[in-house]
Amino acid sequence: MENKERPVDFIREIIREDLKNDKYDGMVHTRFPPEPNGYLHIGHAKSICLNFGIAGEFNGLCNLRFDDTNPTKEEVEYVESIKRDVSWLGFDWQEREYYASDYFENLYEYAVELIKKSKAYVCDLSSDEIREYRGTLMEAGKESPYRNRSVEENLDLFERMRKGEFPDGSRTLRAKIDMKSGNINMRDPVMYRILHAEHHRTGNKWCIYPMYDYAHCFSDSIEGITHSICTLEFEDHRPLYDWFLDQLGVYHPQQIEFARLNLSHTVLSKRRLIQLVQEGNVRGWDDPRMPTLSGLRRRGYTPEAIRNFCDRIGVAKRDSTVDMALLEFCLRENLNKRSQRVMAVLKPLKLVIVNYPEGQPEEQPENQVEELDAINNPEDPSMGTRKIPFSRVLYIEQDDFREEPPKEFFRLAPGREVRLRYAYFIKCVDVIKDKNGEIIELHCTYDPATRGGDSPDRRKVKATIHWVSASHSIEAEARLYDHLFAVPSPGEDFKKDLNPKSLEILLSCQVEPYLAHAKPGDIYQFERQGYFCVDPDSSGGKLVFNRATTLRDTWAKIEKRLK
RNA sequence: UGGGGAGUCGUCCAGUGGUAGGACGGCAGACUCUGGAUCUGCUUACAGGGGUUCGAAUCCUCUCUCCCCAGCCA
C-alpha cells in the first residue's frame with residue numbers, strides 16, 4: 001500500500017493536530033462499531049478501511065465492537081458474517097472483539113448515577129405520548145408530567161424496571177435535558193426501554209436495553225477510544241454524545257462525522273438490501289449482484305481491489321455518489337496484474353480446419369492433436385506458460401464471426417484471415433447453415449507456417465481470436481452480471497428500477513482443459529472477455545463461473561455507436 | 001417558519017490569499033499475438049450577488065440550492 005504524497009483527508013488532519021497538541025497522550029484508538037443486524041456492504045468497507053487504516057497509519061489500535069443493544073433485530077449469524085468479512089478485507093482486531101452488551105452492567109450503574117444527579121428520570125408516558133410531548137421540528141416540546149419525580153422514586157422505579165416488574169413499553173428512563181431545544185435529540189431522549197426479549201449474548205439476563213445514544217458514547221469512553229468516527233446523520237447527535245459524558249465527567253472521546261458512501265446503480269441501505277433478499281429479487285446476501293462484501297467476494301472482487309477503491313474515493317463531508325465504474329476499474333487494475341489467463345468460449349460456434357491432417361484413424365479416432373504454448377500472464381512472466389491442445393475441430397466465439405462485417409469489424413469473415421491465439425493464422429473458406437439459415441459451422445484453412453501465431457513473411461492480420469479444441473474442451477456454465485439497477489440512482493420506489501437483465505446465464509460454454517481442477521473462489525481472466533470467478537455452485541465436475549467484470553471493450557463501444 | 005451540515009470538471013477527491021490539479025469516465029491517437037494491458041493528447045468545474053485586497057475557490061456579507069433530524073432503530 002504505497003502512500004505517495006496523497007492529500008490527507010480532514011479526519012487525518014484533525015488527528016495530526018491532536019497528536020501535535022498531545023491531546024490524548026499521543027494515542028490514536030478507533031473502532032468499527034457495526035450493529036449485527038445485517039451483512040456488511042461496500043459502504044461499511046469505507047468505514048472499516050478508514051478506522052483500521054487510521055489506526056495502522058498512526059501506530060494506534062482499532063477495535064471491532066458490535067453495537068448490540070437491540071435484541072429484537074440482532075443475530076449471531078450476522079456477528080459471524082461481519083467477522084468473516086472484516087478479516088477477509090484484510091484487517092485484524094486481534095483480541096479486541098467487544099460488544100456493547102458487555103457493558104450493560106456498567107451502563108446500568110452510569111444510569112443510576114445520572115438519576116442521583118437528577119439528570120435522568122423514569123417516565124410513564126406511552127410511546128405515542130412521548131411523541132406528542134416531543135413537539136415538532138418547528139414547535140418546542142413540553143415537559144413530561146413525570147419529569148420531576150424524586151431521586152428516590154426514580155431509583156426505585158428504575159431498579160424495578162430492571163427486575164422485570166413492568167411490561168414492555170410501559171416506562172422508559174429518560175435524560176433530563178431540554179424539551180425546548182431546537183435539536184430534537186436533546187428533548188429528554190430515551191435512555192432505556194423495557195424489552196422482554198432474548199438477547200443473542202446476554203440471553204434473558206436483561207429486560208431493559210440502552211438506546212444507541214446512551215450506549216455508544218459510554219462504550220467509546222470505556223474502551224478509551226480517541227476518535228469516534230461515524231457518518232453524517234449522527235452530526236446532531238454529537239451534543240448528546242458530549243452531554244452524557246460530561247454529566248459524569250468520564251473520559252471523553254471526540255466524535256467526528258464523514259459522508260457515507262453512495263454507489264451508482266445499486267442501493268446501500270440495510271433496509272433495502274434486506275428487502276431484496278427477503279423478496280427474492282436476488283438469491284441471497286451473497287448474490288454476486290449484491291454490493292455486500294459477501295456478494296462481491298463471490299462475484300470475484302478481491303480485498304485489494306476494495307481497499308484500493310476505498311482509498312481512491314477519499315473522505316469528506318459532502319453527500320456524493322461514486323460511479324460504479326471506479327469500483328470496476330479498481331478490480332480490473334488488480335486482476336490484470338495477478339490473474340491467470342485462459343481461453344474460454346462463451347457462445348460456441350463450431351469451426352473445422354479443412355486442410356488440417358486428420359491423423360491415423362486406428363490410433364486417433366478423432367483428429368491429429370498438437371500441443372501449443374500459451375502464456376499464463378503477460379503482466380507477470382514468473383507465472384510461466386502452459387500447453388493447450390489444438391486439433392481439427394474447434395469452437396470459436398459466435399461474436400467473432402460476421403458474415404457481412406461492418407468496416408470497423410476486424411474479426412473473422414468470409415475470405416478473411418485472422419489469428420487463432422497462440423496457434424495459427426486461419427482463413428474462412430465456407431459458411432455452413434442449417435435450413436433456417438442459421439450459421440452452424442465455419443470451414444477454414446490454416447497456414448502451417450504460422451504455427452505459434454507468428455507469420456514468417458511478416459504478414460499481418462487485424463485480429464486475434466480465442467478458441468478451444470472441441471474434443472478437449474470442458475463444458476461450463478457462465479453467469480454474466482450487469483448492474484443490479486438500470487438507473488444510476490434508484491428512486492424512492494427503488495424496486496421498479498431493478499435491471500431486468502442483471503443476470504444472463506450461459507449453460508454451454510466451452511473452456512480449455514487447463515480449468516479442469518479449478519476451485520471455487522479461483523479467479524481467471526477469460527482472454528478478451530473478462531474476469532471470471534469459480535462459483536461454489538460448481539460441483540460434480542460441472543464448473544460454474546461468475547463474471548466479475550468485463551475487460552474494457554473497445555469493440556463493444558463501436559458496435560453500440562453503429563446501432 | 002426550528003436545529004445541524006454541505007455546495008470545485010459528467011463523477012469522486014485536492015487546492016486553506018498568488019497561473020484551479022489528480023483519479024475515474026468520455027473522446028482522439030500510438031503500440032500490441034487479448035479491439036486487453038501500456039503510453040500520449042484533448043475535453044469540461046470554483047452555486048449566485050455584493051464587498052475586503054495589488055490579487056479571492058480560499059476572508060466578510062447577503063441570497064439560492066441540496067442533505068439530515070420529530071424510533072421506546074442504529
Side-chain angles (χ1 to χ4, degrees), chain A residues 6-9 33-35 37 67-70 72-74 123 125-127 130-132 134-141 168-174 180-187 189-195 208-209 211-213 215-216 230-239 257 259 264 270-271 312-330 332-333 336-337 341 343 374-375 378-379 408-411 419-423 425 450 452-455 461-466 488 525-530 550-558:
Chain A
R6 162 186 298 285
V8 95
D9 58 73
E35 182 190 11
N37 69 342
D67 219 332
D68 56 350
T69 56
N70 185 354
T72 64
K73 290 188 174 169
E74 297 147 7
C123 181
L125 255 24
S126 70
S127 61
I130 285 184
R131 190 184 326 118
E132 281 170 35
R134 186 156 36 222
T136 69
L137 295 179
M138 300 318 169
E139 312 152 21
D168 287 2
S170 59
R171 286 178 224 264
T172 55
L173 182 73
R174 294 227 258 163
K180 292 193 270 301
S181 173
N183 182 345
I184 289 178
N185 295 302
M186 301 299 271
R187 318 238 262 230
V190 172
M191 293 164 58
Y192 272 92
R193 74 283 215 187
I194 300 172
L195 235 39
I208 55 172
Y209 290 92
M211 299 289 290
Y212 167 85
D213 287 303
H216 204 89
C230 63
T231 45
L232 250 31
E233 66 269 29
F234 292 103
E235 216 152 10
D236 31 275
H237 291 239
R238 189 175 355 117
E257 311 84 10
S264 73
K270 277 190 193 169
R271 196 200 102 233
R312 283 172 191 258
I313 56 177
V315 180
K317 293 196 72 158
R318 76 179 82 140
D319 295 305
S320 61
T321 302
V322 175
D323 197 327
M324 180 71 88
L326 181 61
L327 218 208
E328 289 168 353
F329 168 83
C330 292
R332 286 191 195 103
E333 179 187 52
N336 173 51
K337 286 187 207 123
R341 269 62 168 175
M343 291 202 282
I375 294 166
E379 303 292 319
E408 299 84 347
F409 186 86
F410 303 155
R411 284 109 94 143
R419 173 168 35 232
L420 293 178
R421 179 101 159 133
Y422 299 125
F425 284 15
T450 58
D454 289 308
S455 61
V461 287
K462 290 199 83 173
T464 298
I465 64 175
H466 61 274
Q525 184 196 97
F526 287 2
E527 294 221 24
R528 304 207 304 134
Q529 312 204 80
T550 59
L551 252 27
R552 270 188 62 220
D553 190 346
T554 312
W555 166 243
K557 274 182 207 161
I558 296 168

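Since this is a predicted model, take the numbers as computed values, not measurements. In what follows, every chain begins at residue 1, and chains take the letters A, B, ... in the order their sequences are listed.
Taking atom C1' in both B:G50 and B:A45, one finds a spacing of 23 Å when rounded to whole Å. When the C1' atom is used for both B:C68 and B:C73, the distance is 16 Å, rounded to whole Å. Rounded to whole Å, the separation between the P atoms of B:C9 and B:U44 comes to 14 Å.
Using a 4.0 Å heavy-atom criterion, one finds that A:Met211 contacts the sugar-phosphate atoms exclusively. Within 4.0 Å of A:Ser181, counting heavy atoms only, lies no atom of the nucleic acid at all. Using a 4.0 Å heavy-atom criterion, one finds that A:Phe410 contacts the bases of the nucleic acid, with or without backbone contacts as well. Contacts of A:Leu125 with the nucleic acid, taken as non-hydrogen atoms under 4.0 Å apart, include base atoms. Within the 4.0 angstrom heavy-atom criterion, only backbone atoms of the sugar-phosphate kind lie near A:Leu326; the bases stay farther away. As judged by a 4.0 angstrom heavy-atom cut-off over every strand, A:Val315 is placed among residues touching the sugar-phosphate backbone only. A:Ile130 comes within contact range of at least one nucleobase, with a heavy-atom separation under 4.0 Å. Within the nucleic acid shown, A:Phe409 comes within 4.0 Å of at least one base atom, counting heavy atoms only.
The phosphate of B:G71 has neither OP1 nor OP2 within less than 4.0 Å of any side-chain N or O from A:Ser127. Between A:Lys557 and B:G26 there is a side-chain polar atom (N or O) within less than 4.0 angstrom of OP1 or OP2. The phosphate of B:G35 (OP1 or OP2) has no side-chain N or O of A:Arg411 nearer than 4.0 angstrom. Between A:Arg528 and B:G35 there is a side-chain polar atom (N or O) within less than 4.0 angstrom of OP1 or OP2. A sub-4.0 Å separation between OP1 or OP2 of B:A74 and a side-chain N or O of A:Thr69 is present. When the side-chain nitrogen and oxygen atoms of A:Ser320 are compared with OP1 and OP2 of B:C13, one or more of them lie within a distance under 4.0 Å.
Of the possible polar contacts, one joining the A:Arg187 side chain to the A:Ser181 backbone as a donor-acceptor pair under 3.5 Å is found.
Here B:U32 presents its P atom at 14 Å from NZ of A:Lys462, a figure rounded to the nearest Å.
Pair assignment for B:G41: B:C27, on the basis of Watson-Crick or G-U wobble contacts that are both within less than 3.5 Å. Using N1 to N3 plus N6-O4 or O6-N4 for Watson-Crick, or N1-O2 and O6-N3 for G-U wobble, each under 3.5 Å, B:C54 pairs with B:G18.
No salt bridge links A:Lys180 with A:Glu139; every basic N to acidic carboxylate O contact stays at or beyond 4.0 Å. Salt bridge A:Arg421/A:Glu527: present, at least one basic N to carboxylate O contact under 4.0 Å.
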